[in-house]
Amino acid sequence: MNEIKLFSPATVANVSCGFDVLGFCLDSVGDEMIIRKTDKKGIYITKIEGFDLPFEAELNVAGVSALAMYEAAKPDFGFEIEIYKNIKPGSGIGSSAASAVGSVFGMNELLGRPFNKTELTAFAIKGEAFASKCEHADNLAPAMFGGFTIVKSLSPLQILEIPSPDDLYATIIHPQIEIKTSEARAILPQNIPLSDAIAQWANFGSLIHALHTSDYPLIESSLHDVIVEPYRSQLIPYFKEVKDAALKAGALGAGISGSGPSIFTLSKGIETAKNVKQAMNDIYSKTSLDFDIHVSKINKQGIKIIDN
Ligand code: HSE
């Protein structure tokens, strides 16, 4: 096999109570990438469609993660990477993670799978860190493994796969503004009150239990963020209005997707997820903001090979 085409999915990180450790994978939004072997040694980004991004491998997220893996694998040939980007950079649904995971997953397939998914995620962290100026894997892990994942530790990298209830759907609204992850991190406090920490880890533990047991009311009562959302929600226009409308329309919970500006909701059943979409749409339609909305099943597979 000399060439492979991939669907590299969008993801939602943090999921309200799991800042920097929890994430889940979306089904209906993602990038496509083609990875190809080439005789010339090195990593070459030969095509980028969708957004204006650097072609130099050292300056491109997909290239940085590819180079990290290339240096470890030391093949006697090189790779070309084509990126068909659908996920807007800075949208809060794992744009950089999709690129970082895509290049290393594709190269690994063409090399005969010398690395496991955790090892591939470790290479992808280099690309993600290049983009966001900090090492985190809460978008990378669900893009690589699918479903819900917990990043238990970065060093050594330890990723846990959490089951997704079958009837759980996400609705994501993406206002067309850009929030840089590095800037959204810079506004967060370095210390938090113990009472907030207690509330957050109670919700986090309860959410994980609820995902294991398909306990939708417990999912609902656990999807709260008392630590990060109060700061970052100020960066997102009409956040409170959208959240209130989504909850009124039946969502189990709503919060900031990753570092924003996208807002995610989780609902039981596709009908409710569509009602939530309408409710969120109604709020933003009254403003001058451009936006798009997606309803998605939880993608249990993660990145996948697609036909050419
Ligand atoms: N956990 C990261 C953050 C995700 O919220 O900063 C960034 O997409």
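All values reported here derive from a predicted model rather than from experimental measurement. Scope of the values below: all heavy atoms of this structure, side chains included, with no hydrogens, waters or symmetry mates. One-based numbering, in listed order, for ligands and for the atoms of each.
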Any salt bridge linking Arg232 with Glu183? Criterion: basic side-chain nitrogen under 4.0 Å from a carboxylate oxygen. no
Separation between OG (Ser214) and CG (Asp167), nearest 0.5 Å, reads 9.0 Å
Please determine if Lys85 forms a cation-pi arrangement with Phe51, meaning its NZ or CZ atom is less than 6.0 Å from the six-membered ring centre and no more than 45° off the ring axis. no
So, do Phe115 and Phe123 have ring centers that fall under 6.0 Å from each other? yes
Take Arg36 and Asn2, measure what side chain to side chain contact (heavy atoms under 4.5 Å, CB included) needs, and give me the verdict at the end. CA-CA 6 Å; Arg36 187 180 300 115; Asn2 284 319; 5.5 Å; no
Is the ring pair Phe264/Phe24 parallel, tilted or perpendicular, if the boundaries are 30 and 60 degrees? perpendicular
The protein heavy atom nearest to atom 2 (C) of ligand 1 is Asp20 OD1, 3.2 Å
Report, in ascending order of atom number, the atoms of ligand 1 lying under 4.0 Å from any heavy atom of Thr181. 6 (O), 7 (C)
Closest heavy-atom approach to atom 5 (O) of ligand 1 among His136, Arg232, Arg185 is made by Arg232
Near Asp138, which atoms of ligand 1 are under 4.0 Å from a heavy atom of that residue? 1 (N), 2 (C), 4 (C)
Just let me know how Val228 lines up against ligand 1, side chain, backbone, both or neither, with a heavy-atom cut-off below 4.0 Å. neither
The protein heavy atom nearest to atom 8 (O) of ligand 1 is Asn139 OD1, 3.0 Å
With heavy atoms of Phe19 as the reference, note each atom of ligand 1 found under 4.0 Å away. 3 (C), 5 (O), 6 (O)
